[in-house]
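What follows is one structure encoded as C-alpha coordinates, with my remarks underneath.
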Amino acid sequence: MIKKRLSRIYKKLYSSFGKQRWWPGDTKLEVIIGAVLTQNTAWPNVEKSISNLKKAGKISFKKLSKERMSGIARLIKPAGYFNIKAKRLKNVLRFIAESYNSSLSLMQKADGASLREELLGINGVGPETADSILLYAFGKPIFVIDSYTTRILSRLKILSQDVSYEDAQKLFMDNLPKDVRLFNEYHALIVKLGKDYCRKNNPRCQECPIRDEH
DNA sequence: CACCAGGCAAGTA
DNA sequence: TACTTGCATGGT
(Lines give C-alpha, C1' and ligand atoms only; values in the text may rest on other atoms or scores of the structure.)
Protein backbone atom coordinates (compact mmCIF):
# COMPACT_ATOMS: atom_id res chain seq x y z
CA MET A 1 0.00 0.00 0.00
CA ILE A 2 1.83 3.01 -1.36
CA LYS A 3 -0.05 5.64 0.63
CA LYS A 4 0.87 4.07 3.94
CA ARG A 5 4.43 3.52 2.79
CA LEU A 6 4.97 7.15 1.79
CA SER A 7 3.40 8.30 5.02
CA ARG A 8 5.52 5.90 7.09
CA ILE A 9 8.71 7.06 5.37
CA TYR A 10 7.77 10.66 6.08
CA LYS A 11 7.24 9.96 9.75
CA LYS A 12 10.58 8.18 10.04
CA LEU A 13 12.43 11.02 8.35
CA TYR A 14 10.68 13.64 10.42
CA SER A 15 11.34 11.87 13.70
CA SER A 16 15.04 11.37 12.88
CA PHE A 17 15.77 14.76 11.34
CA GLY A 18 13.10 17.06 12.74
CA LYS A 19 11.68 20.15 11.10
CA GLN A 20 13.88 21.49 8.28
CA ARG A 21 12.55 25.09 8.12
CA TRP A 22 12.63 25.44 4.35
CA TRP A 23 12.92 27.57 2.34
CA PRO A 24 15.80 29.56 3.85
CA GLY A 25 14.84 33.03 2.59
CA ASP A 26 13.31 36.12 4.12
CA THR A 27 11.03 37.21 1.28
CA LYS A 28 9.25 35.77 -1.75
CA LEU A 29 11.74 37.46 -4.04
CA GLU A 30 14.65 36.00 -2.15
CA VAL A 31 13.16 32.51 -2.44
CA ILE A 32 12.66 32.99 -6.18
CA ILE A 33 16.24 34.16 -6.63
CA GLY A 34 17.50 31.22 -4.59
CA ALA A 35 15.47 28.79 -6.68
CA VAL A 36 17.29 29.91 -9.82
CA LEU A 37 20.71 30.16 -8.20
CA THR A 38 20.57 26.68 -6.69
CA GLN A 39 20.23 24.94 -10.06
CA ASN A 40 22.82 22.18 -9.97
CA THR A 41 24.65 24.05 -7.24
CA ALA A 42 25.43 23.39 -3.57
CA TRP A 43 23.38 25.60 -1.25
CA PRO A 44 26.32 27.23 0.60
CA ASN A 45 27.43 28.74 -2.71
CA VAL A 46 23.93 30.13 -3.21
CA GLU A 47 24.04 31.68 0.25
CA LYS A 48 27.23 33.54 -0.60
CA SER A 49 25.56 34.98 -3.70
CA ILE A 50 22.40 35.96 -1.82
CA SER A 51 24.57 37.61 0.78
CA ASN A 52 26.36 39.59 -1.93
CA LEU A 53 23.03 40.70 -3.37
CA LYS A 54 21.83 41.74 0.09
CA LYS A 55 24.96 43.72 0.84
CA ALA A 56 24.54 45.50 -2.48
CA GLY A 57 20.88 46.19 -1.65
CA LYS A 58 19.67 44.26 -4.67
CA ILE A 59 17.03 41.99 -3.13
CA SER A 60 14.36 44.34 -4.37
CA PHE A 61 12.32 43.99 -7.52
CA LYS A 62 13.08 47.51 -8.73
CA LYS A 63 16.77 47.51 -7.83
CA LEU A 64 17.42 44.11 -9.34
CA SER A 65 15.49 44.94 -12.51
CA LYS A 66 17.62 48.04 -13.03
CA GLU A 67 20.89 46.22 -12.44
CA ARG A 68 22.88 45.35 -15.57
CA MET A 69 23.38 41.71 -16.39
CA SER A 70 27.14 41.95 -15.90
CA GLY A 71 26.51 43.49 -12.47
CA ILE A 72 24.22 40.64 -11.42
CA ALA A 73 26.70 38.11 -12.77
CA ARG A 74 29.47 39.63 -10.67
CA LEU A 75 27.38 39.47 -7.48
CA ILE A 76 26.20 35.90 -7.97
CA LYS A 77 29.59 34.56 -8.99
CA PRO A 78 29.93 32.07 -6.09
CA ALA A 79 26.82 30.20 -7.28
CA GLY A 80 28.54 29.20 -10.51
CA TYR A 81 27.07 29.45 -14.03
CA PHE A 82 26.87 33.16 -13.23
CA ASN A 83 26.39 34.40 -16.80
CA ILE A 84 23.52 32.08 -17.60
CA LYS A 85 21.93 32.54 -14.17
CA ALA A 86 22.08 36.32 -14.47
CA LYS A 87 20.18 35.98 -17.73
CA ARG A 88 17.68 33.60 -16.12
CA LEU A 89 17.05 36.01 -13.26
CA LYS A 90 16.44 38.76 -15.78
CA ASN A 91 13.99 36.51 -17.64
CA VAL A 92 12.05 35.84 -14.43
CA LEU A 93 11.96 39.53 -13.52
CA ARG A 94 10.77 40.44 -17.00
CA PHE A 95 8.01 37.84 -16.78
CA ILE A 96 6.81 39.20 -13.44
CA ALA A 97 6.87 42.74 -14.81
CA GLU A 98 4.99 41.89 -17.99
CA SER A 99 2.47 39.38 -16.64
CA TYR A 100 1.93 40.55 -13.06
CA ASN A 101 2.64 44.26 -13.14
CA SER A 102 5.85 43.64 -11.16
CA SER A 103 3.71 42.57 -8.20
CA LEU A 104 4.49 39.41 -6.27
CA SER A 105 1.29 39.84 -4.26
CA LEU A 106 -0.71 39.87 -7.48
CA MET A 107 1.20 36.78 -8.57
CA GLN A 108 0.35 35.17 -5.23
CA LYS A 109 -3.35 35.32 -6.12
CA ALA A 110 -2.88 33.38 -9.39
CA ASP A 111 -4.15 29.83 -9.77
CA GLY A 112 -1.34 27.35 -9.04
CA ALA A 113 -1.75 25.19 -12.15
CA SER A 114 -1.83 28.07 -14.61
CA LEU A 115 1.03 29.87 -12.86
CA ARG A 116 3.06 26.67 -13.19
CA GLU A 117 2.55 26.66 -16.95
CA GLU A 118 3.55 30.32 -17.16
CA LEU A 119 6.70 29.76 -15.13
CA LEU A 120 7.68 26.81 -17.33
CA GLY A 121 7.43 29.13 -20.31
CA ILE A 122 10.32 31.25 -18.99
CA ASN A 123 13.69 30.37 -20.49
CA GLY A 124 15.75 29.08 -17.58
CA VAL A 125 12.86 27.80 -15.47
CA GLY A 126 12.33 24.06 -15.60
CA PRO A 127 10.00 21.88 -13.53
CA GLU A 128 12.04 21.83 -10.32
CA THR A 129 12.64 25.56 -10.30
CA ALA A 130 8.99 26.29 -11.12
CA ASP A 131 7.71 23.96 -8.41
CA SER A 132 10.16 25.29 -5.83
CA ILE A 133 8.86 28.79 -6.52
CA LEU A 134 5.24 27.63 -6.35
CA LEU A 135 5.65 25.70 -3.10
CA TYR A 136 8.24 27.69 -1.21
CA ALA A 137 7.62 31.26 -2.37
CA PHE A 138 3.86 31.13 -2.91
CA GLY A 139 2.71 28.28 -0.69
CA LYS A 140 0.92 26.39 -3.48
CA PRO A 141 0.37 22.66 -2.80
CA ILE A 142 2.78 21.22 -5.37
CA PHE A 143 5.35 18.50 -4.66
CA VAL A 144 8.94 19.27 -5.66
CA ILE A 145 10.98 16.46 -7.23
CA ASP A 146 14.76 16.50 -7.45
CA SER A 147 17.53 14.07 -8.26
CA TYR A 148 17.64 12.82 -4.66
CA THR A 149 13.95 11.95 -4.78
CA THR A 150 14.19 9.67 -7.80
CA ARG A 151 17.49 8.19 -6.62
CA ILE A 152 16.13 7.30 -3.19
CA LEU A 153 12.75 6.08 -4.42
CA SER A 154 14.41 3.84 -6.99
CA ARG A 155 16.60 2.36 -4.25
CA LEU A 156 13.44 1.66 -2.29
CA LYS A 157 12.07 0.03 -5.46
CA ILE A 158 9.08 2.33 -5.45
CA LEU A 159 10.01 3.92 -8.78
CA SER A 160 12.36 3.07 -11.61
CA GLN A 161 15.45 5.23 -11.80
CA ASP A 162 14.53 6.83 -15.11
CA VAL A 163 11.00 7.85 -14.12
CA SER A 164 9.91 11.20 -15.53
CA TYR A 165 9.61 14.29 -13.35
CA GLU A 166 5.86 14.41 -13.88
CA ASP A 167 5.32 10.76 -12.98
CA ALA A 168 7.38 11.00 -9.80
CA GLN A 169 5.46 14.11 -8.83
CA LYS A 170 2.17 12.38 -9.56
CA LEU A 171 3.12 9.52 -7.25
CA PHE A 172 3.45 11.87 -4.28
CA MET A 173 0.51 14.07 -5.12
CA ASP A 174 -1.87 11.16 -5.75
CA ASN A 175 -0.89 9.37 -2.56
CA LEU A 176 -0.54 12.12 0.02
CA PRO A 177 -2.99 14.73 1.29
CA LYS A 178 -2.47 17.98 -0.65
CA ASP A 179 -1.06 19.79 2.31
CA VAL A 180 1.43 22.60 1.81
CA ARG A 181 3.18 22.03 5.12
CA LEU A 182 3.55 18.31 4.40
CA PHE A 183 4.87 18.87 0.86
CA ASN A 184 7.25 21.52 2.14
CA GLU A 185 8.70 19.35 4.87
CA TYR A 186 8.74 16.10 2.91
CA HIS A 187 10.84 17.45 0.07
CA ALA A 188 13.25 19.12 2.50
CA LEU A 189 13.60 15.87 4.46
CA ILE A 190 14.35 13.93 1.28
CA VAL A 191 17.12 16.38 0.42
CA LYS A 192 18.52 16.05 3.95
CA LEU A 193 18.47 12.26 3.62
CA GLY A 194 20.10 12.44 0.21
CA LYS A 195 22.86 14.77 1.35
CA ASP A 196 23.70 12.92 4.53
CA TYR A 197 23.25 9.30 3.50
CA CYS A 198 22.73 8.73 -0.22
CA ARG A 199 25.31 10.94 -1.88
CA LYS A 200 27.07 9.33 -4.81
CA ASN A 201 30.45 8.59 -3.30
CA ASN A 202 29.24 8.49 0.27
CA PRO A 203 26.41 5.99 0.66
CA ARG A 204 26.09 5.37 4.41
CA CYS A 205 23.03 3.24 3.87
CA GLN A 206 23.66 1.14 6.97
CA GLU A 207 22.91 4.08 9.23
CA CYS A 208 20.09 5.42 7.06
CA PRO A 209 16.91 6.11 9.09
CA ILE A 210 14.73 4.36 6.52
CA ARG A 211 17.08 1.40 6.10
CA ASP A 212 14.29 -1.06 6.92
CA GLU A 213 12.20 0.24 4.02
CA HIS A 214 14.58 -1.29 1.47
C1' DC B 1 43.85 15.22 -7.46
C1' DA B 2 38.90 13.98 -9.04
C1' DC B 3 34.23 14.42 -8.32
C1' DC B 4 29.92 16.68 -7.78
C1' DA B 5 26.14 19.95 -6.13
C1' DG B 6 18.49 21.42 -4.03
C1' DG B 7 18.98 21.97 -13.37
C1' DC B 8 18.16 23.67 -17.78
C1' DA B 9 18.51 24.56 -22.64
C1' DA B 10 20.43 23.84 -27.07
C1' DG B 11 22.35 20.91 -30.36
C1' DT B 12 22.42 16.40 -32.66
C1' DA B 13 20.54 12.11 -34.80
C1' DT C 1 11.83 11.19 -28.84
C1' DA C 2 16.30 10.29 -26.63
C1' DC C 3 21.04 11.26 -25.88
C1' DT C 4 24.98 14.66 -25.29
C1' DT C 5 27.18 18.83 -23.95
C1' DG C 6 27.98 23.60 -21.97
C1' DC C 7 27.52 26.27 -18.13
C1' DA C 8 31.50 27.42 -13.51
C1' DT C 9 32.33 28.10 -8.51
C1' DG C 10 33.59 25.97 -4.21
C1' DG C 11 33.43 21.99 -0.88
C1' DT C 12 34.98 17.22 0.22
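Letters A, B, ... mirror the listed sequences (proteins, then strands); counts begin at 1. In this text, all values refer to a predicted model and were calculated from it rather than measured experimentally.
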Quick note, salt bridge (Lys or Arg N to Asp or Glu O under 4.0 Å) partners involving residues 127-145 of chain A, not counting sequence neighbours, are A/Arg116-A/Asp131
| task | Report yes if at least one side-chain N or O of A/Ser147 is closer than 4.0 Å to OP1 or OP2 of B/dG7; otherwise report no. | result |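 Yes, because at least one side-chain N or O of A/Ser147 sits under 4.0 Å from OP1 or OP2 of B/dG7.
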Is the phosphate of B/dC8 approached by A/Thr129 (side-chain N or O, under 4.0 Å from OP1 or OP2)? yes
Rounded to whole angstrom units, what separation is found between the [atom1] atom of [X] and the [atom2] atom of [N]?
X: A/Ile50; N: B/dG6; atom1: CD1; atom2: P; value: 15 Å
X: A/Ile32; N: B/dG6; atom1: CD1; atom2: C1'; value: 17 Å
X: A/Ile145; N: B/dC8; atom1: CD1; atom2: C1'; value: 17 Å
X: A/Ile152; N: B/dG6; atom1: CD1; atom2: P; value: 12 Å
X: A/Tyr165; N: C/dT1; atom1: OH; atom2: P; value: 19 Å
X: A/Gln39; N: B/dG6; atom1: CD; atom2: C1'; value: 10 Å
X: A/Lys195; N: B/dC3; atom1: NZ; atom2: P; value: 22 Å

Letter by letter from the 5' end, nucleotides 3-12 of chain C scores (B base, S sugar-phosphate only, - none; protein heavy atoms under 4.0 Å) ----BBBSS-
**Prompt:** Is the aromatic ring of A/Trp22 within stacking range of B/dG6, meaning centres under 5.5 angstrom and planes under 30 degrees?
**Reply:** yes
Should A/Trp43 be counted as stacked on B/dA5, where stacking needs a ring-centre gap under 5.5 Å and an angle between planes under 30 degrees?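 No; by the centre-distance and plane-angle rule, A/Trp43 does not count as stacking on B/dA5.
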Taking for A/Asp146 and for A/Asn123 the nucleotide of DNA chain B with the nearest heavy atom, the one nearer the 5' end belongs to A/Asp146
Comparing A/Ala130 with A/Arg151, nearest DNA chain B nucleotide closer to 5' gives the residue A/Arg151
Taken in chain and number order and not counting sequence neighbours, the residues that satisfy side chain to side chain contact (heavy atoms under 4.5 Å, CB included) with A/Asn101 are A/Leu106
With no hydrogens and no angle check, just 3.5 Å: does a side-chain donor-acceptor pair link [X] and [Y]?
X: A/Thr149; Y: A/Asp146; value: yes
X: A/Tyr100; Y: A/Gln108; value: no
X: A/Lys28; Y: A/Ser105; value: no
X: A/Thr150; Y: A/Gln161; value: no

What contact category does [X] fall into here, base, sugar-phosphate, or nothing, at under 4.0 angstrom with non-hydrogen atoms?
X: A/Leu120; value: nothing
X: A/Arg74; value: nothing
X: A/Val125; value: sugar-phosphate

In whole angstrom, give me the gap between the [atom1] atoms of [N] and [M].
N: C/dT5; M: B/dC4; atom1: P; result: 16 Å
N: C/dG6; M: B/dG6; atom1: P; result: 23 Å
N: B/dC8; M: C/dG10; atom1: P; result: 22 Å

NZ (A/Lys157) and NE2 (A/His214) are apart, to the nearest 0.5 Å, by 8.5 Å
* To do: State, yes or no, whether a side-chain contact exists between A/Ile210 and A/Leu193 at a heavy-atom distance under 4.5 Å.
  => yes
